[in-house]
There are 4 protein chains.
Amino acid sequence: MTSSAEPVSRAERKKLELRREIIDAAFDCFAERGYHATGIADVATRLGIGHGTFYRYFQNKRDIVDHVVDELVARITGALTAENAPDAVSTLAEYREQSARIGESLARIFGEDPRVPRLLLFEAPGIDRAMAERILDLFDLAAALTAAYLSHGVELGYLRADLDVDNTARAINGMILGSAITSLRTPEDQRALSEAVRRVMYDGIAS
Amino acid sequence: MTSSAEPVSRAERKKLELRREIIDAAFDCFAERGYHATGIADVATRLGIGHGTFYRYFQNKRDIVDHVVDELVARITGALTAENAPDAVSTLAEYREQSARIGESLARIFGEDPRVPRLLLFEAPGIDRAMAERILDLFDLAAALTAAYLSHGVELGYLRADLDVDNTARAINGMILGSAITSLRTPEDQRALSEAVRRVMYDGIAS
Amino acid sequence: MTSSAEPVSRAERKKLELRREIIDAAFDCFAERGYHATGIADVATRLGIGHGTFYRYFQNKRDIVDHVVDELVARITGALTAENAPDAVSTLAEYREQSARIGESLARIFGEDPRVPRLLLFEAPGIDRAMAERILDLFDLAAALTAAYLSHGVELGYLRADLDVDNTARAINGMILGSAITSLRTPEDQRALSEAVRRVMYDGIAS
Amino acid sequence: MTSSAEPVSRAERKKLELRREIIDAAFDCFAERGYHATGIADVATRLGIGHGTFYRYFQNKRDIVDHVVDELVARITGALTAENAPDAVSTLAEYREQSARIGESLARIFGEDPRVPRLLLFEAPGIDRAMAERILDLFDLAAALTAAYLSHGVELGYLRADLDVDNTARAINGMILGSAITSLRTPEDQRALSEAVRRVMYDGIAS
DNA sequence: CATGAATGAGGGTTCATTCAT
DNA sequence: AATGAATGAACCCTCATTCAT
């Protein structure tokens, strides 16, 4: 029993496959040369297809970059949410572990391929107002998620009772953002940076 | 006693003035419509000058954005360095005060005019590899400055002896960066965010 | 048995045809209005194509004029060399006949269409140093060919033994050049001029 | 008695002087970079004057090149006519001497400064239809002068009675033209070329 | 009279998009 | 369905010319 039930003929499958390849090729091009410096022809050439074909799969140049970002956003929200529900932890130690896990996850996404932060943080926001809003939405989403974790911790008492949950969430996410940007230049020492972030979070910097 | 000593005739002064106006108008346009969506003609029209005039003051479109960024970078590095030498403090309390001052400064720059973070963080990096590098340079500079403060604190003993100075500096700057981006949407509650950042820094989040 | 063996599909053939038409239209424009006064749009309009189409066939404006000149140079070198090997003659009479033939050929090329000498002698040299060099190369080539003929004649004894072959070749070519320029104003009496050139060559002017 | 009587005040003289300097500077620029590649600003800068000043002395860019050519044409017609009246000679030997003298003169003008033939033959004709006509006029003038010499010779019997005077004149001038162009690449061996021209004229090439 | 700041027409070139094959 | 030839809007930039100082 294959993955039937879905109405995917062989032709349909091929179409989806090519669609995916176009998204990937576009990601490559946009991340390497930049959105504006990339022509539709570049994307098509990289795939060895005619550039007219592109328009059978996507509305226009602006359309594809939305899909490229969709993909990256999905990856990130996946890392932020997958198997990491706020209420799955009940002690500070568990929380530390969980945040280490999330941090690990994000570090992998950003660190493994610097084109990801480059596209998301350096290319996308400059494309468009709409795209900039999308990126801000992503930040807000991440802040909301983090805030949820923090709230949980406050409720359970292992985090400071007077914690400004929302703003602290933003501050923490800022550190993650800083890590992502750092990975643009030095993709290697993500681990140490990640550790430093957690130290600040839990211990502060004072002696 | 004329206005000698200064190397500026009246014509010269007017020229410098126009030059400045062009930079400002370009900043406006780039921040509002984006670098790529802005034509030289737009900048000129906004000033009510002929677009050919633009080219008497700047080499080309790419040239002006460098000057716009120069200006913003100068403002920021000014805020980061002016009257805030690392060795001017010797206790944790003083350090808190100083960082509050710096934070205040930056918050003003970013918060007063959201076009500043928009241009610097959302427009500039997508223009060019070279420009992206400039922005990364700015991050690195800020990280180096912060690291210097931290080092000083470690030496004097009011900061943790085992502080990973460099990475902690990056983490802290990440929080500031996060604040700047937040100010794109909510320019108002910068103060609370700023406070939250400092709380994380000094007290951590744990209860 | 299809039209195989030839590497030209129908589309390919159409492409080459348009390419040729563009070259011809450019020749028309350049010869009539001059290179600098001609815009790419002029060339395109003359053909009834969009001016963007031009750039599918040629790199830029400078590129096409090279191709236009290529064509003319090919026509001329063809006339100078085709079926007119220096060693095909062995008497003065034959030589006269041959030079008459060559002269005839050139006169036809220059005289039939005054746009040819106009473009080659009046437009091209002013375009560029590189193009000027191309024209000088053409002169040198012609001089070398003529010198070869003369050498052959000296060896066989039907030309003066003390002939300064190279410089005489240049002098003779100068007369041809003069004819070409004359044809700019009076395309008709090329024949008489051609005859006068040959008289000078063989008999001199003295009585 | 000096050159008084003329209404030249000192200011007037200075003005004429500058006018001349502008013509010379324009000649330099046009010959070196080409007419189209030369800007009015280039000419002015070379002289160290403001480029607005240019327009106090000449109508426009097209105007100045006419004056530059005027100057060169005057030099050439001077060489062709000065002290060389057609009727000043009465034997073939004298004629040879005279043509040698004229050739010498022209060779000096063209050979001493290759910018002269470059401007006159390579730059000027491509500027304009009107300018091309001027150059053709110069050719015609030279042909007429040469024809006058030849006519005189025919009348006096030292030139062939059946000489096609006009066309032969064109042929001869063509040789001179060829010399001038040759001098663009090899300004040195003008003398030998000049000699070859005269040999062809008087002796033909046949043995 | 000299200057050079200002101007804008003009032209070369790119590239996203369409559509006939 | 795939293709790529054709298209023209759009934009950057130059430079001859004008004119207020």
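Residue numbers begin at 1 in each chain, while the letters A, B, ... track the order of the sequences.
- Residues Arg20(C) and Glu71(C) are paired through a salt bridge, judged by an N-O separation under 4.0 Å between the basic side chain and the carboxylate.
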Please write out the pairs of protein N or O atoms and N or O atoms of nucleotides 18-20 of chain E separated by less than 3.5 Å, giving the distance to one decimal.
none

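- In the region residues 125-133 of chain A, proximity to DNA chain F at under 4.0 angstrom, judged on heavy atoms, holds for none of the residues.
- Between Gly39(A) and Asp42(C), the residue whose closest nucleotide on DNA chain E is further toward the 5' end is Asp42(C).
- Nucleic acid contact for Phe58(D): none, since no nucleic acid atom lies under 4.0 Å from a heavy atom of the residue.
- Because its NZ or CZ atom is both nearer than 6.0 Å to the ring centre of Tyr35(B) and within 45° of the ring axis, Lys61(B) counts as a cation-pi partner of that residue.
- Legend: residues meeting salt bridge (charged side-chain N to carboxylate O under 4.0 Å, His left out) with Arg19(D), ordered by chain and number and at least two apart, are absent.
- Atom-to-atom, CD1 of Ile64(C) to P of dG12(E) comes out at 13 Å; the value is rounded to the nearest Å.
- Using a 4.0 Å heavy-atom cutoff across all strands shown, Thr38(D) reaches sugar-phosphate atoms only and no base atom.
- No contact: Lys14(B) has no heavy atom under 4.0 Å from any strand.
- DNA chain E lies under 4.0 Å from no heavy atom of any residue of residues 21-32 of chain D.
- If you take CZ of Arg10(C) and P of dA5(F), they are 14 Å apart, rounded to a whole angstrom.
- With pairs defined as Watson-Crick or G-U wobble and both atom distances under 3.5 Å, the stems of at least three pairs that touch DNA chain F come out as E:2-21 with F:2-21.
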For this session: With side-chain contact (heavy atoms from CB on, under 4.5 Å) as the test, would you mind laying out the steps for Met131(A) and Arg62(A) before giving the verdict?
Result: CA-CA 10 Å; Met131(A) 183 58 85; Arg62(A) 185 54 180 74; 3.6 Å; yes

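- In this structure, the separation between CD1 on Ile23(A) and CG on Asp28(A) is 12.0 Å, given to the nearest 0.5 Å.
- Here CG of Leu72(C) is found 9.5 Å from CG of Leu138(C). Values are rounded to the nearest 0.5 Å.
- If you check dT17(F), dC13(F), dA6(E) against the side chain of Asn60(B), the one that comes closest is dC13(F).
- Under the side chain to side chain donor-acceptor pair (under 3.5 Å) criterion, Arg56(C) pairs with no residue at all, not counting sequence neighbours.
- Using a 4.0 Å cut-off between a side-chain N of Lys or Arg and a carboxylate O of Asp or Glu, Asp128(A) and Arg134(A) do not qualify as a salt bridge.
- Not one side-chain nitrogen or oxygen of Lys61(B) sits closer than 4.0 Å to the OP1 or OP2 atom of dC11(F).
- As judged by a 4.0 angstrom heavy-atom cut-off over every strand, Tyr57(D) is placed among residues touching the sugar-phosphate backbone only.
- One finds no salt bridge joining Glu32(A) and Arg129(B) here, because no Lys/Arg side-chain nitrogen approaches an Asp/Glu carboxylate oxygen to under 4.0 Å.
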